Amino acid sequence: MSAVCLPLTDKERVFGVLTLYGPEPYAAAMDEVKLLRDLANDLSLGIGTIRMSQQRRRAEEVVLKVAQAVSSGTGSEFFDLLVRNMVEAMDACGGLIGRYKLESDTVEAISHVVGGKLMEPVTYEIAGTPCESVLRYRTIQVYERGVRDLFPEDNYLAEMGIESYVGIPLLDRNGGVTGNMAVFFSKPLEETSLEISMLQIFATRAAAELDRQVADARIREQASLLDKARDAILVRDLDHKVTYWNKSAERLYGWSAEEVIGRDVSKLLYQNSSAFHKAHEHTLLAGEWMGELTQFTKEGRQLIIEA
């Protein structure tokens, strides 16, 4: 019996073997070996072309999935659609987006998809889980196979039959960790470069939305404090349009916030706005202005306001 074994290679590595067997001993001539090598090279090129075509199609799917997720808007529905699309595009068995809680060293899975189904929100301790190193070191972590053996204390990995895992931290605009995004697979990962690129695309959008939600929550908290102030407080843009109107302003002037948001304050509160415009110009030049202004309420009552 005889055999000829030739490697199948791409530019970086050997990815397979072409083996030819004969029923009897046979010493191949040099021209025959050259012919077989040319055959192996052609086969390698063909397989590489097919793989590139498959990766191109997957990349196109990712772009489509990201576009669909981005167009969903904001809030919890956005995260649910983003995770669904991410899991589908990466052919994973599940995935999640989590919000990191530093004080308790836990992650709140704000969106969690397994087997195409949206799961109930869950909070878990990061110690002994793959996402611990993601959050600790703030880097992408890839476990191509045997992740259950590497993290034997993580019961979730065993229950779900997870074999491989890719995780990435979600960072705010200042570089702080706000959460994590992860996808997991029931089979080993052979190629991880495409998975990492995909995850980075999805993570960028998820981090931006988490950052926006944190900023909105901070603004709402500050606004609630302004609503408790006894002084009337309003905010306007440089076109004099009202953007904020607290409860004391509602009581003093008689208009609710819904009635005045977006209206021109110079036409709303003043019958003669020349003094107001002078104060405005002085503020832009000097950085501040203090004094008295004559204003009018919703009922037409005149007020002398210290501003």
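On a predicted model such as this, the values are computed, not experimentally measured, just so you know. Computed over heavy atoms, backbone and side chain alike; hydrogens, waters and symmetry mates excluded.
- Residues E288 and H282 come closest through the heavy atom pair O-ND1, 3.2 Å.
- For the residue pair Y253/S248, the side-chain donor-acceptor check at 3.5 Å is not satisfied.
- Residues I196 and L82 are members of one and the same hydrophobic cluster, defined by side-chain heavy-atom contacts under 4.5 angstrom among Ile, Leu, Val, Met, Phe, Trp and Tyr.
- Within the structure, the side chain to side chain donor-acceptor pair (under 3.5 Å) test picks out no pair touching residues 113-126 (sequence neighbours left out).
- Under the 4.5 Å side-chain criterion, counting only non-hydrogen atoms from C-beta, M86 is in contact with V183.
- In summary, R212 and D172 do not engage in a salt bridge, as defined by a charged side-chain N under 4.0 Å from a carboxylate O.
- Across every non-hydrogen atom of L199 and G167, the tightest pair is CD2-C, 4.0 Å.
- Linking Ile, Leu, Val, Met, Phe, Trp and Tyr whenever their side-chain heavy atoms come within less than 4.5 Å puts W289 and F276 in one cluster.
- Dense packing is recorded around CZ of R136, with more than 12 heavy atoms of other residues, nucleotides or ligands lying under 6.0 Å away.
- Among D105, N180, T178, the single residue meeting the side-chain hydrogen bond (donor to acceptor under 3.5 Å, both in side chains) criterion with Y100 is D105.
- For E153, the CD atom sits in a loose shell: 12 or fewer heavy atoms of surrounding residues, nucleotides or ligands are nearer than 6.0 Å.
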Problem - Evaluation steps, side chain to side chain contact (heavy atoms under 4.5 Å, CB included), between T192 and Y143 - result: CA-CA 10 Å; T192 60; Y143 301 96; over 6 Å; no
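- The two residues T129 and F151 make their nearest non-hydrogen contact at O-CE2, 3.5 Å.
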Practice task
List the steps, then state whether side chain to side chain contact (heavy atoms under 4.5 Å, CB included) holds for V87 with C93.
Solution key: CA-CA 7 Å; V87 169; C93 64; over 6 Å; no
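- No donor-acceptor distance shorter than 3.5 angstrom exists from the side chain of W255 to the backbone of T297, with no hydrogens or angles considered.
- Residues L189 and Y165 are not in side-chain contact: their nearest non-hydrogen atoms beyond the backbone lie 4.5 Å or more apart.
- Hydrophobic clustering, with ILVMFWY side chains joined whenever heavy atoms are under 4.5 angstrom apart, keeps M90 apart from V147.
- Counting only heavy atoms from C-beta outward, the side chains of M181 and L96 never approach each other to under 4.5 Å.
- A distance of 11.5 Å separates CD of E250 from CG of L252, quoted to the nearest 0.5 Å.
- Looking only at side-chain heavy atoms (C-beta outward), M119 and V113 stay at 4.5 Å or farther from each other.
- In this structure, the side chains of I304 and L293 stay at 4.5 Å or more apart for every pair of heavy atoms.
- Closest approach of I261 and Y244 over heavy atoms only: CD1-N, 3.8 Å.
- Applying the 6.0 Å contact sphere to CG of L238 captures no more than 12 heavy atoms from other residues, nucleotides or ligands.
- Using a 4.5 Å heavy-atom threshold, the side chains of K241 and V265 count as separate.
- Between L157 and P130, the closest side-chain pair of non-hydrogen atoms falls below 4.5 Å.
- Look at R145 and E163 and you find no salt bridge, because none of the NZ, NE, NH1 or NH2 atoms lies under 4.0 Å from a carboxylate O.
- Criterion: ILVMFWY side-chain heavy atoms under 4.5 Å apart, direct or through other members. Under it, V122 and F79 are not part of a common hydrophobic cluster.
- P169 places none of its side-chain heavy atoms less than 4.5 Å from the side chain of T139.
- How far CZ of R138 is from CG of L170: 12.5 Å, rounded to the nearest 0.5 Å.
- With rounding to the nearest 0.5 Å, the separation of CD in E132 from CD in Q141 is 10.5 Å.
- Applying the ring pair (Phe, Tyr, Trp, His ring centres under 6.0 Å) rule to pairs touching residues 168-193 yields Y156-F184, sequence neighbours excluded.
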Exercise for the section: Report the C-alpha distance between R301 and F296 in whole Å, list the side-chain angles of each, state the deciding distance to 0.1 Å, and finish with yes or no for side chain to side chain contact (heavy atoms under 4.5 Å, CB included). Expected result: CA-CA 5 Å; R301 181 167 57 91; F296 291 85; over 6 Å; no
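- Salt bridge absent: E281 and K278 never bring a charged side-chain N and a carboxylate O closer than 4.0 Å.
- Here the closest heavy-atom approach between residue V17 and residue C5 is recorded as CG1-CB, 4.2 Å.
- Annotation: Q302, atom CD; neighbour count of heavy atoms from other residues, nucleotides and ligands within 6.0 Å is above 12.
- H240 NE2 to K267 NZ: the interatomic distance, rounded to the nearest 0.5 Å, is 10.0 Å.
- Here OG of S186 is found 9.0 Å from CD1 of I162. Values are rounded to the nearest 0.5 Å.
- Of the inter-residue distances, the one linking D237 atom CG with D264 atom CG reads 9.0 Å to the nearest 0.5 angstrom.
- Follow the hydrophobic side-chain contacts under 4.5 Å out from I305 and you reach V242 in the same cluster.
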Handout entry: Residues L210, I110; criterion side chain to side chain contact (heavy atoms under 4.5 Å, CB included); working and verdict
Key = CA-CA 10 Å; L210 268 183; I110 55 180; 3.9 Å; yes
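- For the residue pair E259 and S256, a side-chain donor N or O sits within less than 3.5 Å of a side-chain acceptor on the partner.
- Under the side-chain contact (heavy atoms from CB on, under 4.5 Å) rule, I126 has a single partner from D154, T106, V134, L135, which is L135.
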